[in-house]
Structure formats: structure tokens, C-alpha cells
Amino acid sequence: MAVRGGGVIGLSVALAAARAGFSVSVFDLGSPHAGSRVAGGMLAPLTEAWPGEEAVVAQGVEALALWPSFADSIGVPLFTAGTLAVGTQPGDLADLRPAGELLTSREIRALEPSLGPAVRGGVYAPGDLAVDNRVLLSALWKACLDAGVVSSVDGRVTVIAAGAWSGALHPALRSIRPVKGEILRLTHRPGALPPPRHTIRALVSGRPVYLVPRDDGLVVGATQYEAGFDTDVSVAGVRDLLRDAETVLPGIAEYALTEAAVGFRAGSPDNVPIVRWLEPDVIAATGHHRNGLLLAPHTARLVVELLQGGSS
Ligand code: GLY
């Protein structure tokens, strides 16, 4: 079997298939803009759900339950402190209310003392996880090699897992579109406040921003545009992300801005992933939009079930 795409979906599929006894190859073009390379790494089905994308939430909840054993099987640590979804304006707090019990400003600060004075309250989602996406990709490659996966395009069955680039690989996937996102990496410097313990997802006067902890800093994301394969990091994108992130966590002003990148999510027409046989010997595993990391073990399981069931 040949997997086209070495992002988190392609590698998770390759690993699961190899562990199920299939002979597997992976081919990847190595784009620096691949979604899983630039991702924030939130594994947060409820706080990541956008209005109109409810169909993905149930899959996300199932996927989250798979993550601890999946991560353990490839030796990847998870950030387990959970997510704080916070807001700065009464309207932001009203938008957060469906996500859970609203905590006061004092209660939310007891959980994350470095939050700025503009944060007026929020919701704590203790079950959400996060992962360092680049640690994950390296560990997946290593686990794939250990399981006998080879780097080539050969195989009887092809699995198209090329993210935003999948549309070029099969006519049935032409509707897959790139959804541009700008994202920043900030590195802790001596004397600065330590990175937050929790993932923080904020609404700042209605604008969404997230801050995902890393061992040495944090990731701030992300803009979202329909702009084709535009690889420019815009001044406005960086300005908005930094302004809103600093409102939430003023201490980041002392951090180093070490990366500003563009990545492309794979949007399907309804933003729901496409995981199915397209024709005998061709399976699609794409269209994961903002949820590729979260859904990876779930999609891998589905693809192995498809392979074991056969194309008929
Ligand atoms: N899942 C985060 C993002 O797509 O920006």
C-alpha cells in the first residue's frame, strides 16, 4: 500500500496499516507549509469546534479518547493540564457559556496566574490535551521505519493523505481547498515569565486566538483565510495575533519571536474529513481542516478498517 503524504494523517495511517500487517510505503513532497508541520497541536474537540462544524465534534471526542495510548505507543509526551477558554468582553463570555461552567476572573487566575487584567472569565476544559506537533512528526516517522514502512511511491492500494494538496491527486478530491493560516512560535528568554501550563483559547473582543504551551515557549495561532496557496506571512496577521496574545498573556512581550509561518489546512466542501474508497485501490484520507492532529488516530483506524474490508 502506498500513502501519498507524510503529514500526521499519512504517517498515522502508514503506522496503523504496517502494525496491522500491511506492507506500506510513504511518499511526501516535504512542503514547509504542510498543515501538520506548522500546527499548534491542540487536541481539543469541544473548544476547537466552530459553529456549523458540529458533525466533526463526535469524531473529535472519539479521537481524543484514542490519544493517550496512541501517544504512548510512539513515545510522545502530551500536555495534560487542559484548556482554558477565556474572554475579555461580556459578549466573549456569552459566546463561551455553551462550552461549560463560566468561572470568574479570580477563579480562572487561580488556575493560570499570568493571565492579563483584560481577561474577565472563562471556562476550564480539563480533558483537553495538547502535543508538540514536530516532536510528534519525528516520532511517527521513527515508529513507521521501525514498523517496516519504506519511503517510496510503490503499492497496489493508494491512500491519498496529502492534506491541502490532495485535490491534485484525484478528480473526486478537486473540491479540497487550502485554508491559509498564519501562526507564530515564541521562545522563552531568561527573566521572562514561564510559559502557561494550560492551552489558552481566547476571544479578544470577538477575535479568536490560541496559545499552546511548549517546553521552551508557546505557539500563537492562528489566522484563517481563503487565499489559495498564498505563502506570505502578512503584517496584519502577525500584528493581530501578537496584540491579542499579549492582551491575554502580557508576559509574552519578553519572549523571542522565533518563527512566523504559513500553513495550509485541507478544507473539504463541508469541512468534514473525507475518509473512504474513491475507486478500487484508492482511498481518501483528507479534508481534516483544523482537526488533523486530533483526528489522526481515528482516521488511521478507519483506513485500516477500510483496507481490511476491501474496496467492495
Ligand atoms: N487547529 C488549529 C488551527 O487550525 O488553527
Side-chain angles (χ1 to χ4, degrees), residues 7-9 12 31-57 59-61 63-64 67 78-79 82-86 99 125 127-137 163-166 176-186 196 198-204 207-214 218-227 229-231 233-234 236-238 240-242 244-245 248 259-268 270-273 286-299:
V8 67
I9 297 294
S12 301
S31 169
H33 304 291
S36 39
R37 189 182 169 278
V38 299
M42 286 177 295
L43 307 172
L46 297 177
T47 50
E48 179 63 346
W50 282 35
E53 295 175 9
E54 290 77 10
V56 185
V57 172
Q59 275 186 29
V61 170
L64 183 65
W67 260 95
L78 295 174
F79 293 83
T83 297
L84 298 177
V86 302
D128 282 2
L129 302 169
V131 66
D132 184 323
N133 56 311
R134 294 180 182 169
V135 170
L136 172 69
L137 286 172
W165 293 267
S166 300
I176 295 289
R177 68 193 196 286
V179 181
K180 176 179 175 180
E182 291 151 320
I183 194 161
L184 310 175
R185 282 175 159 76
L186 277 52
H198 303 85
T199 295
I200 300 168
R201 169 172 279 288
L203 287 172
V204 180
R207 290 182 303 275
V209 65
Y210 56 75
L211 301 92
V212 192
R214 292 289 190 268
L218 69 162
V219 178
V220 177
T223 60
Q224 184 163 320
Y225 305 100
E226 305 280 344
F229 283 105
D230 170 16
T231 57
V233 177
S234 72
V238 174
D240 289 352
L241 289 171
L242 285 180
D244 293 339
V248 175
E259 185 178 320
V262 165
F264 297 110
R265 311 169 180 95
S268 70
D270 56 3
N271 291 337
V272 174
T286 187
H288 291 74
H289 202 241
R290 285 194 316 281
N291 293 295
L293 266 76
L294 170 64
L295 295 178
H298 187 264
T299 293

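Position 1 is the first residue of the sequence; numbering continues from there. Indexing begins at 1, ligand by ligand and atom by atom, following the structure's order.
The protein non-hydrogen atom at the shortest distance from atom 5 (O) of ligand 1 is Y210 OH, 2.6 Å. Regarding atom 4 (O) of ligand 1, its nearest protein heavy-atom neighbour is R265 NE, 2.7 Å.
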Practice task
Might you work through the side-chain contact (heavy atoms from CB on, under 4.5 Å) test for H289 and V179, ending with a clear yes or no?
Solution key: CA-CA 8 Å; H289 202 241; V179 181; 3.6 Å; yes
Problem - Stepwise side-chain contact (heavy atoms from CB on, under 4.5 Å) check, L137 with S36 - result: CA-CA 8 Å; L137 286 172; S36 39; 4.2 Å; yes
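The only member of L211, T83, V212 that meets side-chain contact (heavy atoms from CB on, under 4.5 Å) when paired with R201 is T83.
Atoms of ligand 1 lying under 4.0 Å from any heavy atom of A222, numbered from 1 in the order shown and given with element: 5 (O).
Panel note: side chain R185, backbone V38; a donor-acceptor pair is recorded below 3.5 Å.
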